[in-house]
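Written out below as structure tokens is the structure these notes cover.
Here is how names work: the chains are called A, B, and so on, in the same order as the sequence lines, proteins then strands, and each is numbered from 1. Heavy-atom basis, side chains included; hydrogens, waters and symmetry copies ignored.
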Amino acid sequence: MTWSEMQPLLTQASWDTLYMVGWSTLVTVVLGLPLGVLLVLTDRGGLLQNVVVNKVVGQVVNFGRSLPFIILLIALIPFTKMIMGTYIGRDASIVPLAIGAIPFFARLVETAVREVDHGLVEAVQAMGGSTWTVVRRVLVPEALPSLVSSVTTTVVALIGYSAMAGAVAAGGLGDLAIKQGYLRFETGLMWVTVAVLAVVIALIQYAGDAVARALHRRGGRGGPAPRLRLLKAKEPDAPAGATDEARQAA
Amino acid sequence: MPRSDRMHPCPGATEPRHSTVTETPVITTSGLTKIYRSGGREVTAIDGVDLHVREGEVYGVIGQSGAGKSSLIRCVNLLERPTSGTVTVDGQDLTALAGRGQRASRELRQARSRIGMVFQHFNLLSSRTVQDNVELPLEILGRSGRERSAKALELLDLVGLADKAKAYPAQLSGGQKQRVGIARALAGDPKVLLSDEATSALDPETTRSILQLLRDLNRQLGLTVLLITHEMDVVKTVCDSAALMERGRVVESGTVDELLATPGSQLAAALFPVGGGASGPDSTVLDITFHGESTGRPVISQLARTYNVDVSILGAAVDTVGGAQIGRMRIELPGRYDDNVVPVGFLREQGLQVELVGQDAPARPAGSEVKEVAK
């Protein structure tokens, strides 16, 4: 297969992937963000402490995350058909993609929001702020750099999921690599597709990191966010080590 | 601290004390109790605290960590729900507004918006500029954009940070952050400011400038300040009244003058530690507290001249408490207490507060005896 033959296929597949991933990311963020915040708020000691809601939502999220995506894709066929009228094609695949990513994203949101200093929540409560004010003015804006990183991670995961969407004839780069490249022995096409995927993912990761870092720097918490976090994580270890020494001395 | 000096309306010893204090109670707690339950165990953080903070005064609650001061100040605006007892702020019973469960009712939230609060770790939103941080309480009150920014800039000017409006909190020093915290707390025009260890994360010099700011705001705006601290210096520098907390109870409270005039007051002793023990068995050790006009008089040399006794000074401290000069001195007179009744009477006549130190003395200074001699 020559480059001129490959090019239209690649262009079409790239657009399909971006289309599926773009829409499903949007749906994931719109539904996953409130879900993640809800997990924090309803947790023990949270602003809307509710053990029942917290346990139920937590279990649903865990179940969603434990299913392999290809199984979820098939299992959701009736549901997808109910919502989109069909379960085949690019548009229909957005439903299982979003549902697969929502629990994943919600857990990332939960972790990010939990990191927000409780003192800030207390400060806004002391000003007379309601729980909604706390969510809107404190939890989400303060967690924003981490939330952007979470979205990046989710987009990359969705690109992975979208490769399986070929199973419901949704097209995309993954589908191209399997059907044209692997099954029809177009090894050249397969490698080109893999390269395109690698470049797309690298670009997304780079852009996501850049945004997160810019937000981080604005807040002034210093340094490139993702890489230095590994180093920074060691700081709290120091006092722990010191107490260990003290214990040995005692 | 930059520009803190612009806020001294009437510096020096000439400024009247308690200029803004009235007898109207602004914060009253009665029988306030907070019990934490965890895993079947009960911990009593506050145990029946009655607090009376008068309008326009700076009231300090001092105690060691774990004494319950932090729970106490959080109960005043109901960030912590008291287990029992009532809190009244500016004539409004907040405990009655609380509503059920953990969520604050609308009425309680409105009441909170009229109580400013500053925190030990500042608690500024790192995602917002200094100005936006100060505007936050006004956003919650639903003020318009123009009104918010005018008010925020006015307050930043008041705390001496007008040029930092567009900076982010991370670009500020600790003292500057606390100034922003104070400006934010004042945004809703509160009558009452709660200060939760506001200076405990700051160095001594910055602490002084922040305390001076609180004092100035108290004077200029007639703001009532309730502060908690573990530093005696804070009480000494700014407080009109103070309470000492131990294991959830208030063990001493009153105006600083009253406390200093109370024999055996732990707070007074802690405010003015004077050391030194007796040099031998045949001597009398006295703690003398000077306040008011007696500070200016040469009482000790008069005592030595008049009664021809040798006075040894074991320790002494003179300081300014809430704008007035207070002195405390520990002196030693030769001979047992019985031999020194007349000199002690002389000191009492001069309007000084005299306390006997040591074990062989009567438990309470024998006031009646001294009076008889004085007649």
Interface moiety of B/Leu124 toward chain A, non-hydrogen atoms closer than 4.5 Å:
backbone
If only side-chain N and O atoms count, and only distance matters, is there a donor-acceptor pair under 3.5 Å linking B/Glu55 with B/Thr224?
no
Do A/Thr17 and A/Ser14 get their side chains close enough for a donor-acceptor pair, meaning under 3.5 Å?
no
With chain A, which of B/Asn77, B/Leu78, B/Ile140, B/Leu125 has the greatest number of heavy-atom pairs at distances under 4.5 Å?
B/Leu125
Could you tell me whether B/Glu139 and B/Arg128 have a side-chain N and a carboxylate O separated by less than 4.0 Å?
yes
Honestly, the part of B/Ile115 sitting under 4.5 Å from a heavy atom of chain A is backbone
Flag for A/Asn50-A/Thr42: side-chain donor and acceptor within less than 3.5 Å:
no
Taking B/Arg74 first and then B/Glu80, would you say they form a salt bridge - that is, a charged N and a carboxylate O separated by under 4.0 Å?
no
Quick check on B/Arg106 against chain A: is it the side chain, the backbone, both or neither that has a heavy atom closer than 4.5 Å?
neither
Segment of A/Leu48 engaging chain B (4.5 angstrom heavy-atom cut-off)
side chain
